[in-house]
Amino acid sequence: MDKLIHDDKGNATISNDGATIMKLLDVVHPAAKILVDIAKSQESEVGDGTTRVVLFSEEFLKETKLFIENGVHSKSYT
C-alpha cells in the first residue's frame, strides 16, 4: 500500500518502499532510531526486506518490554 509523506518544507513523497519511508522520518526516540538503523543496514546489505526486519525488531522490542518492566536484567535471559 502506498504511503504519502509530507515534510515541513512542503515536499511530498508517495512510496510503498519501507527503506524510503524510514529515510524520510525525523526520528528522535532512541528505540525508533535503532529501527531506522536496522532498516538502513538491511537496505545496504540485502537491498530488500526493510519492512520485514523493522516489524520483526518491533515485535522483539515489544516482547522484551515485559521483562524490562518486571526488572529482569538483560543478562538474565541469555
Asks: Kindly give the cluster partners of Leu4, where membership spreads through any ILVMFWY side chain lying under 4.5 Å from a current member.
Replies: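 Result for Leu4 is Ile14.
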Asks: Is there a donor-acceptor contact under 3.5 Å from the side chain of Gln42 to the main chain of Asp48?
Replies: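 Yes, because the side chain of Gln42 sits within donor-acceptor range (under 3.5 Å) of the backbone of Asp48.
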Asks: Are Leu61 and Phe56 linked, directly or through other ILVMFWY residues, by side chains that come within less than 4.5 angstrom of each other?
Replies: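 Leu61 and Phe56: separate clusters.
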Asks: Which atom pair, heavy atoms only, marks the closest approach of Ala32 to Val27?
Replies: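 So the two residues come closest at CB-CG1, 3.2 Å.
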Asks: Is a salt bridge present between Lys40 and Glu43, judged by a nitrogen-to-oxygen distance below 4.0 Å?
Replies: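 No salt bridge links Lys40 with Glu43.
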Asks: To the nearest 0.5 Å, tell me how far Glu59 CD sits from Thr64 OG1.
Replies: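 With rounding to 0.5 Å, CD (Glu59) is 10.5 Å from OG1 (Thr64).
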Asks: Quick check on Glu69: does its CD atom have over 12 non-hydrogen neighbours (other residues, nucleotides or ligands) under 6.0 Å away?
Replies: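 More than 12 heavy atoms, drawn from other residues, nucleotides or ligands, come within 6.0 Å of this atom.
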Asks: Rounded to the nearest 0.5 Å, how far apart are CG of Leu55 and CG of Leu35?
Replies: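 It comes to 9.5 Å.
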